Each structure stands twice: as structure tokens, then as C-alpha cells.
Amino acid sequence: MIRALILPLVSGTIFGAGLTIGGMTDPARVRGFLDLFGNWDPTLAFVMGGAVAVMALAWAIQRRMQRPAFAATFSLPDARDITPRLVGGSALFGIGWGIAGLCPGPGFAALAIDPVPAAIFVAAMLAGMRVARLAEGRGGA
């Protein structure tokens, strides 16, 4: 049980610290990145570049592993198709991200830094997720 909790605890702590240190819990930074023709802020590009570099290394290591260190099997995505649902959901995500300047990870991290606006964002995000499930006819969790 403890071993199963260590990896999520460590990775979540690193993720939250990275978001905060990189300034990604500040909606103005994210909106600045999306303002291509105004006062563009490249900070998010560096954060994403760092994430891509680390993930590329992780994929290279994973290919050589027989099994994961903290699970019985690898849980890797197998879908490669681009569906209207994926495109529509991505567009809605992007619109919400552009308006709020937050996406789910930084939104939750912002709860520790600026709790009131972050709590409003997180509550609205969870409500949107619930409404989408109900609209799809999958009212369950």
C-alpha cells in the first residue's frame, strides 16, 4: 500500500513544484503565451519543451523495460485515431484554457497559491465535466 502511494506522491509534488517555479499557476503567463500578436510570453513554450524532453527520455527507457517498476504491466494508450469527439473536446479545452489561463494541473496547483479564484475555476471545471457526461448519456463517474 505504501509503495503504491509513494510514486503518485513524489510525482505530484514534483509536478506542482515545477508548475509553480515555472510560473504556470499564473493565468497572466498562460494568456501571454496565447497572445501571439501582442505581448507574447514564451515561458510556457520552455515549460512544454522541458516536459517533451523528459517524456522523450522516458519513452526511450520504457521501450527497454520488461515491466514497469511500480505496476504489473504498462498502461499505454492504444488509440491513434482522430475523431470528431476528440477535435470538439480539444477545441472546448483550448477555449476554456484561453479564457481562464489555467488548465486542470495548474488549476489544482493554484489552490495552494491563490485559493479563491482557483477553487472557482476547479469547481466550474468539475461541473463542466459532469455536464458533458450527462449530455453524453453516461451519467456515471
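Note that this is a predicted model, so its numbers are computed, not measured.
Annotation: side chain of Trp40 is not in contact with side chain of Asp35 (no heavy-atom distance under 4.5 Å). The shortest side-chain heavy-atom distance between Ile113 and Thr20 falls under the 4.5 Å cut-off.
Between Leu34 and Gly98, the shortest heavy-atom contact is CD1-CA, 3.5 Å. Leu86 approaches Ile82 most closely through the heavy-atom pair CD2-CA, 4.1 Å.
To the nearest 0.5 angstrom, Asp26 atom CG is 11.5 Å from Leu44 atom CG. Atoms CG and CG, on Leu19 and Leu102 in that order, are 10.0 Å from each other to the nearest 0.5 Å. Note that CZ of Phe108 is 11.0 Å distant from SG of Cys103, once rounded to the nearest 0.5 Å. The structure places CZ of Phe93 at 9.5 Å from CE of Met125, a figure rounded to the nearest 0.5 Å.
In the hydrophobic clustering, Ile21 connects to no other residue, as no ILVMFWY side-chain heavy atoms lie under 4.5 Å from its own.
Judged by distance alone, the side chain of Arg31 and the main-chain N or O of Ala100 form a donor-acceptor pair under 3.5 Å. A donor-acceptor contact shorter than 3.5 Å links the side chain of Asp41 to the backbone of Thr43.
With a 6.0 Å radius and a threshold of 12 heavy atoms from other residues, nucleotides or ligands, Met129 has its CE atom at or below the threshold.
Using a 4.5 Å cut-off between side-chain heavy atoms of Ile, Leu, Val, Met, Phe, Trp and Tyr, with links allowed through other members, Phe46 and Leu36 fall into different hydrophobic clusters. Linking ILVMFWY residues whenever their side-chain heavy atoms come closer than 4.5 Å, directly or via other members, leaves Ile14 and Leu57 in distinct clusters. Cluster annotation: Trp97 and Phe121 are assigned to distinct hydrophobic clusters (Ile/Leu/Val/Met/Phe/Trp/Tyr, side-chain heavy-atom contacts under 4.5 Å, transitive).
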Extract all donor-acceptor atom pairs below 3.5 Å that involve side chains of residues 64-78 and protein atoms in other chains or at least two apart in sequence.
| from | atom 1 | to | atom 2 | distance (Å) |
| --- | --- | --- | --- | --- |
| Arg67 | NH2 | Ala71 | O | 3.3 |

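Evaluation of the side-chain contact (heavy atoms from CB on, under 4.5 Å) rule for Leu92 yields no partner, not counting sequence neighbours.
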Quick one, Phe33 with Met48, criterion side chain to side chain contact (heavy atoms under 4.5 Å, CB included). Give me CA distance, side-chain angles, the key distance, then yes/no. CA-CA 11 Å; Phe33 174 75; Met48 289 192 309; 3.9 Å; yes

